[in-house]
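Remarks on the structure that follows.
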Amino acid sequence: MNENDKTPSHFIRDIIINDIKTGKHAAAITRFPPEPNGYLHIGHAKSICLNFGMAQEFYGRCHLRFDDTNPTKEEMEYVESIMQDVKWLGFDWGEHLYYASDYYDQLYEWAIDLIKQGKAYVDDLSAEQVRQYRGTLTKPGKNSPNRERPVEENLDLFERMRAGKFDEGTHVLRAKIDMASPNLNMRDPVIYRIMKASHHRTGDKWCIYPMYDFTHGLSDALEGITHSLCTLEFEDHRPLYDWFLDELDVPCHPRQIEFAPLNMTYTILSKRKLLLLVKKNLVSGWDDPRMPTISGIRRRGYPPEAIRTFVDRIGVAKREGTVDFSLLEYCVRENLNKIASRVMAVINPVKIIITNYPEEKSEELECVNNPEDPPAGTRMVPFSRELFIERDDFMENPPKKFYRLAPGREVRLRYAYFITCNEVIKDKNTGEITEIFCTYDPATKGGDAPDGRKVKATLHWVSAKHALTAEVRLYDQLFSKEDPNDVEEGKDFLSNLNPNSLQILKECRIEPSLSTTKPGDRFQFERLGYFYTDPDSTAEKPVFNRTATLRDTWAKIQKKTES
RNA sequence: UGGGGCGUCGUCAAGCGGUAAGACACGGGAUUUUGGUUCCCGCAUUCGGGGGUUCGAAUCCUCCCGCCCCAGCCA
């Protein structure tokens, strides 16, 4: 950690520092344990940064372990996307790639051990009966009639479960703990169930699969994890996590520590709901740039560094809250401002003609690539008599605070000349402005007036005959409400979908230097925002995604005067 | 009305008995060939509420209030 980095500490770091100070541990060995049943999202990024971050900071390592104990929900596609996403975020698990399914044999032995100790039993109650026997939040449960089955019988039954002699749902293995515990997790939890499903890694070797609670802590112990970091909802599971480790002969006893999961305004971070958006084709896929998935924000153009900074800034605590989306966007802009090359692109073109500029002439003007990064140099951009500017940069009857182009007004074309608007041509039928006639001042080449006169606005532009055509996809919040789950009676979160979250512009005009852009490039389109070259982009038809707009003071002024 | 957590600025979040950090947002101003960036300035006499302990409390005690999680053979 950089001494100058003022990122405040947090309670988990404090715990680890103390464990090292007291000699309990020499290093922090952590793990990121996703279930491969969906794509990772920004909430997982918090966990990833925390786990890998603590390991890095405290001389240890972080394992990537797939918690794959439910073959009916898990797929290889998810395994692959998760690995790609963790790498993209900038983390490396090295040799330490594991799967809970690697431990099935050991887990099975441990289950037998529990049976032999008289601490687990096979139950043939139906799922419905198990539920009834469990009791309620306020009423204790009742012991299953099978609870006192002899060890030998349990061993035999469990072996037959494994051998596939029973149907799904007919038998389970349960830990014998306490049916009267106020913690429901301790009321003889199921630790193995029969699932006649093929597993994405073990195939048909098993027809019984261990449950999360049984698997997780034991896997941690097997890997020598020191600090097992998870989200708040597992707090109630900690006594059970500890119980298995206490009852079995394990290599070590990791400490589970819970922290608050991430929530963000205008965003949904439930795997189930995200899956629904994909299945209903309400988005183009898991990597739709509007999705809060890692693959979505990658395609949107958010840099991994910005995500890491964001996670640092939100902190780690036990208090559950909702982070302002604007903080994420701030981190994205902050990073992009430093690294993105500036280019000129007109996404909503209107033609201007410089009437006193020679018909056939064109010239190359020098433009700065990134004022925040002088070594990035300059490039030449062609200028000619006919240009395109942004439709929004001209108003025939401008309000007081509008200081862009208007009849009779002089403005600067960035890196080019001062121009003055003389005449507006409109379509006779629609009234739409088709052309704007201007004159330029040759003495202002480069954008400075030798006589020191000022203009109030600088516009971006492209030369009509040199410009390339591109598709630009403008993205906005997927949901129009801060809390997408805040809905009227009888409606669900889908009713809060923002109908204008995607706008596709196919006739955008971009400067010729962009002809060589490749998917993954990041740019700032001057005065518009940050853009990312989409994987759909080709040399013939470039496609850009708007990552974020620039901060727009003018839009704010407009909004204020409206209200 | 069982158990487990959590309540400090609009939002995150420090604070660990010595008199409320920081960031985002918001509002003002300066500089600017991006109404961008950068830079200044403002923004909790008060820590969910009431009692108490103490020279001194956001921090300790106590009662109360509010919010979240748990009754999958999901993770």
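First the proteins, then the strands, lettered A, B, ... as listed; each starts at 1.
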Classify the nucleic acid contact of [X] as base, sugar-phosphate or nothing, counting any heavy atom under 4.0 Å across all strands shown.
X        : answer
A/Tyr209 : nothing
A/Thr322 : sugar-phosphate
A/Leu550 : base
A/Lys401 : base
A/Thr136 : base
A/Val311 : nothing
A/Glu526 : base
A/Leu125 : base
A/Gly169 : base

Starting at atom [atom1] of [X], determine the distance to atom [atom2] of [N], rounded to an integer number of angstrom.
X        : N     : atom1 : atom2 : answer
A/Phe402 : B/G35 : CZ    : C1'   : 11 Å
A/Arg134 : B/G2  : CZ    : C1'   : 15 Å
A/Arg333 : B/C24 : CZ    : C1'   : 12 Å
A/Asn485 : B/C68 : CG    : P     : 13 Å
A/Arg13  : B/A13 : CZ    : P     : 15 Å
A/Leu459 : B/G35 : CG    : P     : 8 Å
A/Lys318 : B/A14 : NZ    : P     : 13 Å
A/Glu258 : B/C69 : CD    : P     : 16 Å

Practice problem: For B/G72, decide between syn and anti, treating a glycosidic angle within 90° of 0 as syn. | Solution: syn
We want to know whether [X] and [Y] form a side-chain donor-acceptor pair, criterion being a heavy-atom distance below 3.5 angstrom.
X        : Y        : result
A/His460 : A/Arg414 : no
A/Glu258 : A/Gln256 : yes
A/His216 : A/Arg31  : yes
A/Glu159 : A/Tyr108 : yes
A/Tyr133 : A/Asp188 : no
A/Asp236 : A/Asn183 : no
A/Glu77  : A/Tyr39  : yes
A/Asp483 : A/Tyr266 : no
A/Asn485 : A/Lys273 : yes

Quick check on [N]: is either OP1 or OP2 less than 4.0 Å from any side-chain nitrogen or oxygen of [X]?
X        : N     : value
A/Arg527 : B/G35 : yes
A/Tyr330 : B/C24 : yes
A/Thr553 : B/G36 : yes
A/Thr69  : B/A75 : yes

On a whole-Å scale, what distance lies between the [atom1] atoms belonging to [N] and [M]?
N     : M     : atom1 : result
B/U38 : B/U34 : P     : 14 Å
B/U59 : B/G7  : C1'   : 14 Å
B/A20 : B/C47 : P     : 12 Å
B/U45 : B/C63 : C1'   : 27 Å
B/G29 : B/G36 : P     : 13 Å
B/G10 : B/G42 : C1'   : 16 Å
B/G15 : B/G28 : P     : 34 Å
B/C24 : B/U37 : P     : 11 Å

Tell me which nucleotide, if any, is Watson-Crick or G-U wobble paired with [N] when both distances must be under 3.5 Å.
N     : result
B/C60 : B/G52
B/U38 : B/A30
B/G2  : B/C70

The side chain of [X] lies closest to which of these nucleotides: [options]?
X        : options             : value
A/Ala317 : B/C74, B/A14, B/U37 : B/A14
A/Thr458 : B/C73, B/U34, B/G36 : B/U34
A/Arg131 : B/U34, B/G36, B/G72 : B/G72
A/Arg313 : B/A23, B/U11, B/U34 : B/A23
A/Pro371 : B/A25, B/U34, B/A71 : B/U34
A/Phe234 : B/A71, B/A23, B/A75 : B/A75
A/Met195 : B/C74, B/A75, B/G36 : B/C74

Quiz item: Looking at residues 182-190 of chain A, who's got a heavy atom less than 4.0 Å off RNA chain B?
Solution: A/Pro182, A/Leu184, A/Val190
Is there a donor N/O on one and an acceptor N/O on the other, under 3.5 Å, for the side chain of [X] and the base of [N]?
X        : N     : answer
A/Asp236 : B/G3  : yes
A/Arg342 : B/U34 : yes
A/Glu372 : B/U38 : no
A/Arg319 : B/U8  : yes

Practice problem: Measure from the ring centre of A/Trp554 to the centre of the six-membered ring in the base of B/G35, then say whether that distance is under 5.5 Å and the planes meet at under 30°. | Solution: yes
Exercise. Starting from the 5' end of RNA chain B, give me the residue, A/Tyr192 or A/Lys46, whose nearest nucleotide shows up first.
Key: A/Lys46
Practice problem: Nearest-nucleotide wise, let me know which of A/Glu235 and A/Lys139 is further upstream toward the 5' end of RNA chain B. | Solution: A/Lys139
Exercise. Calculate, to the nearest 0.5 Å, the distance between atoms CG and CH2 belonging to A/Asp213 and A/Trp243 respectively.
Key: 11.5 Å
Quiz item: Of A/Phe158, A/Tyr104, A/Trp206, which meets ring-ring contact (aromatic ring centres under 6.0 Å, His included) against A/Tyr192?
Solution: A/Phe158
Quiz item: For A/Trp461, which of A/Phe525, A/Phe388, A/Phe383 qualifies under ring-ring contact (aromatic ring centres under 6.0 Å, His included)?
Solution: A/Phe383
